[in-house]
Amino acid sequence: MKERVLSVVVSVYNEEQALPLFYRTTSPILKSLTWDYELIFVNDGSADGSLTILRNLAEQDDRVKVIGFSRNFGHEAAMIAGIDYAKGDAVVCMDADLQHPPECLPAIIQKLESGYGVINMVRTQNKSAGLIKNITSAVFYRVINTLSDVKFEPNASDFFAVSRQAADVLRRNYREKVRFLRGYVQNIGFHKTTIAYEAHDRVAGESKYSIRKLFAFSVNTILCFSSLPLKLGIYAGVFAALLGVVVMIYTLCTRQGAPSGYATIVVLICFMFAILFVIVGIIGEYLAILFSELKDRPVYIVEETKNLEK
Ligand code: UDP
Ligand code: MG
């Protein structure tokens with residue numbers, strides 16, 4: 001009897017081609033571990049046969065557990081749902097396309113056993129991503145690391161492991177609606193380490209993240225992790241005020257032959273706008289806080305589960 005249990009969370013969206021291979025590759029590795037395991041598949045509203053495959057797997061193997069969403073809620077929601085339902089002493093999140101090699105699991109267990117609470121898997125190479133994705137990803141991390149107080153590891157992935165204690169923090173305290181799990185994992189503290197891995201090509205099917213989706217996701221993430229953009233109004237106000245002073249001094253000193261009243265108008269407009277921008281900036285700050293709290297919609301809706309109580 002193995003003492004501890006590893007919960008492996010796998011998000012699944014239209015992966016009917018990859019799933020059987022994923023299960024066949026991962027199961028023997030999981031069985032060979034010194035920990036017992038549960039394999040939690042989160043079906044994120046797949047439109048193909050993924051759910052049928054998962055139901056069959058759950059029927060044959062009671063270590064396979066399935067959470068079925070009522071519609072597509074996105075990868076982030078799928079991961080958090082898996083973490084919510086996980087019963088293990090540690091949780092690993094990975095993709096269903098075998099881009100996150102299950103061969104790394106023994107190394108993860110080793111790190112967990114030596115007391116690490118957060119293990120970030122860092123890509124050494126991402127051949128499949130292509131030049132554009134690699135460049136945009138680099139730009140995104142540069143921007144967010146400049147604007148945000150918290151620091152992000154540029155090559156981190158949605159492949160990570162957390163101890164039960166760290167998973168509890170994610171379950172309880174990180175219930176934000178617009179989320180970036182990878183960012184939370186890197187910033188909840190605990191005894192942290194990284195393991196390098198080589199990202200392989202997807203075994204089957206296509207990437208579910210288009211450039212457009214990634215862009216929207218990046219903008220949301222930057223806004224969630226930094227309030228600096230909100231303060232632009234305040235900076236604009238201060239700038240306009242300074243400009244007003246400069247124009248005032250300039251017109252007073254040079255006594256240039258402008259039509260009478262011109263200088264007064266310019267100075268006044270600058271000052272008025274300065275005040276306006278500052279006020280808009282402050283209201284924006286409040287509004288952003290209220291808006292994110294107020295909506296309180298569910299992050300995901302579960303329609304069915306297999307081999308899971310709750
Ligand atoms: N995924 C998901 N919901 C989505 C999009 C993707 O659960 O709306 C899953 C997908 O099935 C895969 C993982 O998230 O297991 C990563 O997606 P993908 O491989 O398409 O992203 P990439 O590796 O290209 O960044
Ligand atoms: Mg992938």
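Treat the numbers as computed from the prediction; the structure is a model and nothing was measured. Indexing begins at 1, ligand by ligand and atom by atom, following the structure's order.
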Step by step, would you call Arg71 with Asp44 a salt bridge (Lys or Arg N to Asp or Glu O under 4.0 Å)?
CA-CA 7 Å; Arg71 63 164 168 86; Asp44 185 14; over 6 Å; no
Mind listing the closest non-hydrogen atom pair of Arg142 and Thr146 along with its distance?
O-OG1, 2.6 Å
Grab the two heavy atoms, one from Leu243 and one from Cys270, that are nearest each other, plus how far apart they are.
CD2-SG, 3.9 Å
When you measure from atom 19 (O) of ligand 1 to each heavy atom in Asp97, Leu98, Val42, which option holds the nearest one?
Asp97
Quick test of your reading of the structure: of Glu76, His75, Gln99, His100, whose heavy atom lies closest to atom 14 (O) of ligand 1?
His75
Does a side-chain heavy-atom distance below 4.5 Å link Val122 with Tyr197?
no
Report yes if Ala96 has an N/O atom closer than 3.5 Å to an N/O atom of ligand 1; otherwise report no.
yes
Among protein heavy atoms, which sits nearest to [atom], and what does the distance come to when rounded to 0.1 Å?
atom: atom 20 (O) of ligand 1; answer: Lys208 N, 2.5 Å
atom: atom 15 (O) of ligand 1; answer: Ser11 O, 2.7 Å
atom: atom 4 (C) of ligand 1; answer: Asp44 OD2, 3.4 Å
atom: atom 1 (N) of ligand 1; answer: Tyr13 CB, 3.6 Å
atom: atom 18 (P) of ligand 1; answer: Arg202 NH2, 3.4 Å
atom: atom 21 (O) of ligand 1; answer: Tyr209 CD1, 3.3 Å
atom: atom 10 (C) of ligand 1; answer: Glu15 OE2, 3.2 Å

Checking only N/O/S atoms, does Asp97 have one that is under 2.8 Å from the Mg ion (ligand 2)?
yes
Part of Asp95 with heavy atoms under 4.0 Å of ligand 1, whether side chain, backbone, both or neither
both
Classify the contact between Val12 and ligand 1 as side chain, backbone, both or neither, using a heavy-atom distance cut-off of under 4.0 Å.
backbone
Taking atom types as modelled, find out whether [X] and [Y] have a side-chain donor-acceptor pair closer than 3.5 angstrom.
X: Asp62; Y: Asn307; result: no
X: Asn173; Y: Tyr184; result: no
X: Trp35; Y: Glu3; result: no

So if I count the atoms of ligand 1 from 1 in the order they appear, which ones are less than 4.0 Å from some heavy atom of Asn72?
3 (N), 4 (C), 8 (O)
Please list, in number order, the atoms of ligand 1 under 4.0 Å from a heavy atom of Gly74.
3 (N), 8 (O)
When you check the gap from the basic side-chain N to the acidic O, do Lys306 and Glu304 get nearer than 4.0 Å?
yes
Less than 4.0 Å between a side-chain N and a carboxylate O, is that true for Arg63 and Glu38?
no
Return yes when atom CD of Gln110 has more than 12 non-hydrogen atoms of other residues, nucleotides or ligands closer than 6.0 Å, and no otherwise.
no
